[in-house]
Structures are given as C-alpha cells and as structure tokens.
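In what follows, a structure is listed as structure tokens, so that the remarks can point back to it.
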Amino acid sequence: HVGTGELDGPDGRRLVVSVQDLSTLRDLQQQLGHAQRMEAVGQLAGGIAHDFNNLLGVLAGHADLMEDGLGEDPELHESLEAIRHAVERGASLTKRLLAYSRKQTLSPTVVDAAEVVRELGVLLRRTLGETVELQLEPPVGPTRVRVDRHQLEDALLNLALNAGHAMPEGGRLTISLAGGAAAPVAVDGPAAAGPFVRLTVRDTGVGMTKEVQERVFEPFFTTRDVGEGTGLGLSMVYGFVHQSGGQVTLESELGVGTAVFLYLPQVTEAPDEQAGPEASAPPEADASVILLVEDDPDVRGVARRLLERAGYRVLEASDAAAALEWLRSGARIDLLFTDVTLPRGVSGPEIAREAATLRPALPVLFTTGYALDGRRPEALPPDGAPVLRKPFSRDGLLAAVAERFATAAAGTPPS
C-alpha cells in the first residue's frame, strides 16, 4: 500500500510525504531466504544420498556373494540377514533424502487421489489406534493426478503418523480432497500452472510454534526425543510433492492443531490400470558378454562378480571413453549395462545412442539412484527404457538383465 500527501513546512515550503507498507515485501524476502536454504540443504542431502547408495550397493552385493560360501552355520546366516536388514534400512533413509532433494527416481502414473485415500484408510485406522478418530471427507470435484502412487501413499502415511504423535491423548484426523484448486503463491512454487488437487490432512493436536513451522520440512529436524524419529518424514513429503510439480503449505496453532495442504497438478486422463505382480523366471546365463559401465570402482567390482558368478562374461569400463573403445572394437558384446550418470560430461544415454550407431541391435540396460528429470535432454534415457534402481541386490540385478535379454530376443521394445 502506498500513500502520498502534501504538508506545509515551517519555512513556507511545500513537503510531499510518501508512505509505503513493506510487510508483503519482507514476507516474500523471508520466503526467498527460506527457499534458498532448503535448496542448499537439498543439494547436500542429494549428494550424500547418492554416494551412500553406492556404498549400500557394495554391501548388498558382497552379502549376496558371501551367501554361497556360508555352509549350514545358522549363526553366519543370521549375521548375513542382519547385514541385509541394515542395508534395507539404509536404503530407506537414502530414498527419503533423495525424495527431499527431488532426485529420487519416480514412476508417475495417472491415479485418482480419492481412491488412494480410500484404500489407505483401513491401514491408517489400524496405525492410528482407537484414541484417534479418522474422518475421510467425500472428495469435491475430480481428483485425478499424475504421481508416483507408492510415494503418495508414503506421504499420506507420514502425515498421518506425525498427526498421531501430535495427539497423544487422542483427537480427530481429517483428510479431504478438492479438485480445481489454485496453488498458493510462493517463491519456490510449482512449475505447473494448475489447476491442482488439494489434499488436506488436518489434526486436532498440540500444534506448532512459529519457529517449528519455519523448519518443519528441513531434513533431520524433529521435535521428538533422540531415537524416536529421523526427521525425514515431512522432508520426504516436501520433496516428493515438489518433484511432482506441486506445492506444500502448512497452518498450525498451538493448542488447536495443524493442517498440511498438498497441491498436486490435476489431470483429465483416465487412471492407468494397476499391473499385478509378475512371476519372474530364474535368470539364465549362456556366457553372454555384458559391457559394464560404472565409474565407482567398488560398485563396478561387485556387479562384475555377481554377473560372472551367474555365468555371464563381463567387460568393464569406468567412463564413456573406455566404453566407446570397447564398442568400436571387434569384441563380442551382447548387452550394454551402464550407469546414467558418468564423469567427464558424457552420460550413459549418450553412450547408448552411440552404441545404437555402432551396434544397432545391442540391447541396453540403465541403472541409477537419481531422478531422471531435470537433466539435459541428451542425458536422459529414451522413454520406456529399462532402468534398474540403486542400490540393487543380486536377484534384482540378474532379473533385470535376464528380462532385458528376453525382450531383445523377442524383438519387443522394453517396457
């Protein structure tokens, strides 16, 4: 708001006075500073998660390699299972870090958010217990969105668990949906223009102070005691929604409760059919030759051993130059298995495109622990290309390789 006026000065001169309310500008400056801090923390979290994912992959791979030589000793097998369990817990943490930094690998499909909430209601009622009343309000308007369904379910579960902790003496948790909503204006707002489906999760808990509200989406920030939480639940929700082109806001009042609003881009397409689990045949190897392209020597080493123990022959390359040298040679190569992200500015998909020229019939399998969006177009795998997520286990690796060989032999495009 700007106001102007004129006054007569004591010396007879006319004074012009202008008053401007800077409250909105200061609020926007605070939002910008907060968004920049969140982005910096996200970059750090994503880098840590990427490196830790590689370490977890090495641990998982060597655990699989050890299994065959353990014999019948039950204590050794118990120790091995403990290692695998620790790897799974570590992978869950890195998944949440990558979600916050918007670098996780998503598999978006068209889903009806109201259907997801309705199906998850049974689980939420069991999770929240008898002291919390769960109220699912009827949706208003169309509620179809294009998101990773599993990540949406995880986000809702995280919000419900946080609400439950905020209501130790019991209370009411209300989940509502409204289509055609407009997203709030924010400096780190969504790329999509709208309309949005607004998903609201509201509790009648203890509420939050203003200081807590400002930090609630930061990774590792928690108000719980040590050992009672990682502080990654809400940060995962934040990253997932933003990576999906949406926005997250929060309202809270001490003694009244908290409401979290997820704004997800609305779509008009029909929901995708949910494919059921497919029975996978045991992988078979016939001394086929795989060109393995991976810059991390530990990850490359354990992947090579897993593949060789399964009966494959493996050629190794640590970067694009070494991979192209193999591709231009006369060596037999039956499959290109490459990381998406490689050093020195040449990506796995760029190697694959060169391979399509040098060896037109060569099948390709990609692997990555990062999201596949936000990259240079030439650094992205083709649509529908098979991608094995890191960290992968022996069974996951061999199943992905066997499936890629099978689709290539059948002459069908990978899915």
Side-chain angles (χ1 to χ4, degrees), residues 38 42 45-46 49 91-128 132 134 136-137 139 143-166 173-179 181 183-184 186 188 190 192 196-203 205 216-222 229-252 258-267 271 274 371 373:
M38 297 282 276
S92 177
L93 287 175
T94 59
K95 180 180 178 181
R96 290 173 180 238
L97 279 173
L98 287 169
Y100 169 72
S101 59
R102 288 167 265 175
K103 293 180 179 178
Q104 66 176 333
T105 305
L106 298 178
S107 300
T109 58
V110 176
V111 299
D112 189 334
E115 178 185 340
V116 174
V117 171
R118 186 168 54 251
E119 292 179 357
L120 201 60
V122 177
L123 174 62
L124 292 179
R125 285 189 171 90
R126 291 200 302 264
T127 302
L128 293 169
V132 176
L134 176 64
L136 304 181
E137 296 187 348
T143 55
R144 293 175 185 173
V145 293
R146 184 182 296 277
V147 297
D148 187 311
R149 183 188 181 98
H150 297 300
Q151 291 296 321
L152 178 58
E153 292 172 345
D154 284 349
L156 281 171
L157 185 58
N158 270 290
L159 292 175
L161 290 174
N162 275 280
H165 283 288
L173 176 65
T174 305
I175 301 178
S176 59
L177 282 157
D188 59 346
F196 292 85
V197 172
R198 184 182 65 240
L199 193 160
T200 305
V201 179
R202 187 185 301 273
D203 66 61
V216 70
F217 292 118
E218 295 180 9
F220 302 117
F221 175 77
T222 179
T230 61
L232 289 172
L234 287 178
S235 65
M236 183 277 290
V237 175
Y238 176 91
F240 155 67
V241 173
H242 277 254
Q243 189 174 349
S244 301
Q247 181 64 264
V248 184
T249 61
L250 178 145
E251 295 177 357
S252 187
T258 300
V260 181
F261 306 92
L262 309 186
Y263 294 84
L264 297 168
Q266 184 174 320
V267 299
Q274 298 296 314
D373 56 357

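Both backbone and side-chain heavy atoms feed into the values below; hydrogens, waters and symmetry mates do not.
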Margin query: Using the rule given for side-chain contact (heavy atoms from CB on, under 4.5 Å), can you reason through Thr200 versus Arg198, listing the C-alpha separation, both sets of side-chain angles and the distance that settles it, and then say yes or no?
Written below: CA-CA 6 Å; Thr200 305; Arg198 184 182 65 240; 3.8 Å; yes
Check: Given Glu115 and Arg149, is the side-chain contact (heavy atoms from CB on, under 4.5 Å) satisfied, shown in steps?
Finding: CA-CA 11 Å; Glu115 178 185 340; Arg149 183 188 181 98; 4.2 Å; yes
Notebook entry, point to check: In Å and rounded to the nearest 0.5 Å, what is the CD1 to CG distance from Ile175 to Leu159?
Noted result: 8.5 Å
Margin query: To the nearest 0.5 Å, what is the distance between CG on Asn158 and CD on Gln151?
Written below: 9.5 Å
List the atom of [X], the atom of [Y], and the distance in Å for their closest heavy-atom pair.
X	Y	value
Leu136	Gly121	CD1-CA, 4.2 Å
Leu264	Ser244	CD2-CB, 4.5 Å
Ala163	Leu173	CB-CD1, 3.7 Å
Tyr238	Val248	CA-CG2, 4.2 Å
Ala113	Val145	CB-CG2, 4.3 Å
Gly245	Phe196	O-CE2, 3.7 Å

Next item on the list: Identify, with sequence neighbours excluded, every residue that meets salt bridge (charged side-chain N to carboxylate O under 4.0 Å, His left out) alongside Arg202.
Entry: none
Note to self: Between Gln247 and Phe261, is the side-chain contact (heavy atoms from CB on, under 4.5 Å) condition met? List the steps.
What the structure shows: CA-CA 8 Å; Gln247 181 64 264; Phe261 306 92; over 6 Å; no
Checklist line | Side-chain (Asp203) to main-chain (Thr258) donor-acceptor, under 3.5 angstrom | finding: yes
Next item on the list: Run the numbers on Tyr263 and Leu199 for side-chain contact (heavy atoms from CB on, under 4.5 Å), then give the verdict.
Entry: CA-CA 6 Å; Tyr263 294 84; Leu199 193 160; over 6 Å; no
